[in-house]
Asker: 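Please find one structure pasted underneath; my questions will follow.
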Amino acid sequence: MEKPRLRFAPSPTGYLHIGGVRTALFNWLWAKKTGGTFVLRIEDTDQERSTAQSMKVIFDSLKWLGLSWDEGPNPDGDFDHEIGTFGPYTQMKRLDVYKHYAERLIQEKKAYRCDCTKEDLDRQREALKRKDPKAQFKYPGTCRHRTSDPQKPSVVRFKVDPSGSVSYVDKVFGEVVTPNIELQDFVILRSDGVPLYNFGAVVDDITMHVSLVARGRDHMINTPQQILLYQALGASVPEFAHLPMMLAQSGEKLSKRHGAVSVGEYESQGYAPGAMLNYLARFGWSFGDQEIFSKEELIAAFDWTHCGRGDGKFDPKKLLAVNYEHLKSSRLMPDAEYADRVLGFVHARGGLDHVTTADVMRALYTIRDRAQTFVQAADMLDPFFRTPPVMDENAKAKFLVKQAAPRLRSLRDALAAVSDFTEASAEACMHAWLAEVRLDIKAVGQPVRVALTGRTASPSLYQVMFVLGREQVCNRLAHAADIAEKSAT
RNA sequence: GGCCCCAUCGUCUAGCGGCUAGGACAUCGGCCUCUCACGCCGGUAACGCGGGUUCAAUUCCCGCUGGGGUCGCCA
């Protein structure tokens, strides 16, 4: 079998949607698995909505996710830079290509110019609706057998033979048959020479030798028209794989109304790209009971036969759980990568610019299995690096009370005498001290925790002590004792 | 409304004629415990309905119902 060529063809009209990412991912996975080619093409023919900024967002998101493309625009260089055989793949730079193919179809009488105006058609549509509300409007073929007025602006329409039918075997849905009678003479080129989706995509997929088109099920309706175009242009028809939709919890189309839907939001909320990919891959695809995958495992396991056909609902809670699986210590992410990623979130908290990767590495083990996101992780790390730690007012009021002051001082004195300050020696020291002052750890644990971290929840006290170091621990205990002293209670 | 697609726990899913219908997330108990988590143990929870086919249907066929997609000089 020849190596497949796949593509992801988003239009730059906003952020990169997680539904789009799933489409990109399935294409990418199959290309990686088969040694095929993954092409990125920007479909910017909707000039009203396309922006250079959202094109950049697409590049950035794809790069963050690690979904690298083999051919397509090079965002790091000049857009005119050629990569591989083709490129850059932005449709607005290929207008003459579409025009050429459209011209050919006209020559061969497979398409014709039509100068019916949009207003005319709208009027006809409404008139029909008034006469028979249930009737379906189709272009009546007004210009099919006449020569359009060259003075008037005209579109190019593709002739559809109403007899016969189009059929193809979808890699996910199986055989799909559409009678041509359901179709109509559709527009392939606008009056301004810009191609419409169906035509642009087909011409591009032909010239870019795309052999498998995998896209959302919302495009399934376009496939018959596109196949007709392939045939009319004498090109071989690619394979198709349509993916079921990812809907919001409400069952509606996923949109901003239903919470975060753009890749960028998840990035800034502290999700790992691998987790995002893992969740999306397992959505509508399965591999026995396995839920957690590295990228490599995904590539090895992916196939089309285990793609489901039913639409699904996006579940942010499960995504969060999958993210935790990727963040906790495991084969999925080495400490160094974790530290690298979380450092940015630490710095983003402000006032912690001095913190280095090495600092994070030292404290990492205390929080790695506790944080679900990098944002949470950075928050947990905060007390280690900020001196004095930010005091939670409620924690202070509840635990740094008068009674605690002498205890904190006494403990400080005990810890100050420990020579080799480790997790174990700190623990041993504290136990000895507890025995000496005849207190239960439950009586002093929280005051100590608040003294050291400013919070009522933290990693193990001894881990915190070890990471902070003896001097910091003693200072913080003394500082907290002073606060407790002045407490009203 | 026409055309098209789909249908197993709340959610993502396994199942491809015979299973106590399995897993994961969520949820609810319990254990662990210096706090919060983590972890561990256990529970609740699904084959939409009606006809067929068959010795036997979650599984195959038909209808219904429900959900979704799409009906542009958007993609």
Asker: Please report the distance separating the C1' of B/rU65 from the corresponding atom of B/rG39, rounded so that it comes out in whole Å.
Answerer: 45 Å
Asker: Between the side-chain atoms of A/Lys318 and the base atoms of B/rA24, is any donor-acceptor pair under 3.5 Å?
Answerer: yes
Asker: Classify A/Cys116 by what it touches in the nucleic acid, base, sugar-phosphate, or nothing, heavy-atom distance under 4.0 Å.
Answerer: base
Asker: Please state the C1' separation for the pair B/rU54 and B/rU11 - nearest whole angstrom.
Answerer: 35 Å
Asker: Pick the P atom in B/rC31 and in B/rA45, then give their distance to the nearest Å.
Answerer: 23 Å
Asker: Can a donor-acceptor pair under 3.5 Å be found between the side-chain atoms of A/Thr456 and the base atoms of B/rC36?
Answerer: no
Asker: Taking atom types as they are modelled, is there a donor-acceptor pair under 3.5 Å from the base of B/rG23 to the side chain of A/Gln290?
Answerer: no
Asker: Rounded to whole angstrom, note down the C1' distance from B/rA46 over to B/rG23.
Answerer: 14 Å
Asker: Rounded to the nearest Å, what distance is computed from the CZ atom of residue A/Arg217 to the P atom of nucleotide B/rC71?
Answerer: 13 Å
Asker: Applying ring-ring contact (aromatic ring centres under 6.0 Å, His included) between A/Trp285 and each of A/Phe26, A/Tyr279, A/Trp304, A/Phe293, report the one that passes.
Answerer: A/Phe293
Asker: Report yes or no: is there a donor-acceptor pair, N or O only, under 3.5 Å between the side chain of A/Asn198 and the base of B/rA75?
Answerer: no
Asker: With rounding to the nearest 0.5 angstrom, report the CD to CG distance, A/Gln225 to A/Leu196.
Answerer: 11.0 Å
Asker: Does the B/rC38 base have a donor-acceptor partner in the side chain of A/Arg370 within less than 3.5 Å?
Answerer: no
Asker: Please evaluate the base of B/rG22 for a donor-acceptor partner in the side chain of A/Asp289 within a cut-off of under 3.5 Å?
Answerer: yes
Asker: If the C1' atom of B/rU27 is compared with that of B/rC12, how far apart are they to the nearest Å?
Answerer: 16 Å
Asker: With nearest nucleotide decided by heavy atoms, which residue, A/Asp440 or A/Pro133, maps closer to the 5′ end of RNA chain B?
Answerer: A/Pro133
Asker: So does A/Ser191 reach the base of B/rC73 with its side chain, donor to acceptor, closer than 3.5 Å?
Answerer: yes
Asker: What are the two closest non-hydrogen atoms of A/Gln226 and A/Tyr197, and how far apart are they?
Answerer: NE2-CE2, 3.5 Å
Asker: How close or far is atom P of B/rA37 from atom CG of A/Leu320, stated in whole angstroms?
Answerer: 14 Å
Asker: Rounded to whole angstrom units, what separation is found between the CE atom of A/Met220 and the C1' atom of B/rC6?
Answerer: 10 Å
Asker: For a quick check of understanding: with a heavy-atom distance under 4.0 Å over all strands, which category does A/Ser458 fall into, base, sugar-phosphate or nothing?
Answerer: base
Asker: Does this structure show an ion pair linking A/Glu297 with A/Arg331, if we count only N-O contacts that are shorter than 4.0 Å?
Answerer: yes
